[in-house]
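Read through the structure below, which is laid out as structure tokens, and then see the notes.
Just so you know, these numbers use all the heavy atoms, side chains as well, and skip hydrogens, waters and symmetry mates. Within every chain, numbering begins at 1; the chains are lettered A, B, ... in the order of the sequence lines, protein sequences first and strands thereafter.
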Number of protein chains: 2
Amino acid sequence: MIEAEIYKALGDPVRLQMVMRLANGSPCTISQLTQDLGITRQGARKQLQVLVDAKMVQLSSQGRETRVDLDIATLQQAHRFIAELERRWDQRLAALKSFVETEFEH
Amino acid sequence: MIEAEIYKALGDPVRLQMVMRLANGSPCTISQLTQDLGITRQGARKQLQVLVDAKMVQLSSQGRETRVDLDIATLQQAHRFIAELERRWDQRLAALKSFVETEFEH
DNA sequence: ATTATACGCAACCAAATGGTTGCGTATTTT
DNA sequence: AAAATACGCAACCATTTGGTTGCGTATAAT
């Protein structure tokens, strides 16, 4: 169950903000991504690494700067998983409803 | 940005497993939920509280046991948020594609 | 009435997390 | 050539996290 790592990655305000900015298409070198986070570049870099390890972003070095890009495939995976949870829950409710109706039909 | 708390709640193997079991409609008292997790009831209880604080599950006391139920609304909220991230990312890609096509059209 | 079950509260612990500072190096800019 | 920028590595620190054990209490089963 590697799954949890994805949510863990999103489960921090700083990292979630990073992902949101990347999704909005904001500038995306490490230094730029650090701006407005209220922490140092090194601090931000450590959080970024968590996103990298969870395969939510990819880094590519270009000259002296490092480009940060969202890995949409991982986001989609998280999306599908949650959708599946909802689906099963709905099924359960439907089963319960059907049971009740069967028991109490006159 | 309370958002992050939701993902944080899912971002632990034990808690994610709990949510999965609840979504599957498994028995759902605290003790039953603890089974097969490989940790003590108290340990599980602490994890469960994280889910409660994130409003992902609701507890209701019935006699000597406590019923655990998934809060589907919160799951749906998480679902919608991720979907929105994807949507923005797609828009960005579309904009980039359009830009490239405009620049290089002959 | 006794025993067993389901639970809560609190103290405690090791490990992980979130962040910092200091320093070194490669690449650009001037 | 000198200065500035963008970055990495590592040590360090306080707080949070994930889990335990011990103990007390209310409800249910025998």
Contacts of A:Q32 that satisfy side-chain hydrogen bond (donor to acceptor under 3.5 Å, both in side chains) - sequence neighbours left out: A:T29
Student check: side-chain heavy atoms of B:L37 and B:Q47 closer than 4.5 Å: no
Contacting residues from residues 31-44 of chain B, given that a heavy atom lies under 4.0 angstrom of DNA chain C: B:S31, B:R41, B:Q42
B:Q76 versus B:R80, side-chain donor and acceptor atoms under 3.5 Å: no
Donor-acceptor pair, side chain of B:Y7 and main chain of A:I6, under 3.5 angstrom: no
Pairwise side-chain contact, A:C28 with A:L33, heavy-atom cut-off 4.5 Å (strictly under): no
Difference in axis direction between the ends of the helix from C:dA1-D:dT30 to C:dT30-D:dA1, five pairs, 10°: 30°
N/O donor-acceptor pair under 3.5 Å between A:R15 side chain and A:A9 backbone: yes
Show which side-chain atoms of residues 57-67 of chain A pair as donor or acceptor with protein atoms under 3.5 Å away, not counting sequence neighbours.
from, atom 1, to, atom 2, distance (Å)
A:Q58, NE2, A:D71, OD2, 3.4

Interface residues of residues 46-63 of chain B with DNA chain C (non-hydrogen, below 4.0 angstrom): none
Touch class at under 4.0 angstrom, heavy-atom based, for A:R67 against every strand present: nothing
B:R45 versus B:Q49, side-chain donor and acceptor atoms under 3.5 Å: yes
Chain B contact limits on DNA chain D, taken 5' to 3' with a cut-off of 4.0 angstrom to heavy atoms: D:dT17 to D:dA29
Beyond-backbone contact of B:F81 with A:M20, side-chain heavy atoms, under 4.5 angstrom: yes
B:E65 CD - C:dA6 C1' separation (whole Å): 7 Å
Charged N-O contact under 4.0 Å between A:R87 and A:E84: yes
Heavy-atom side-chain proximity of A:H79 to B:E86 below 4.5 angstrom: yes
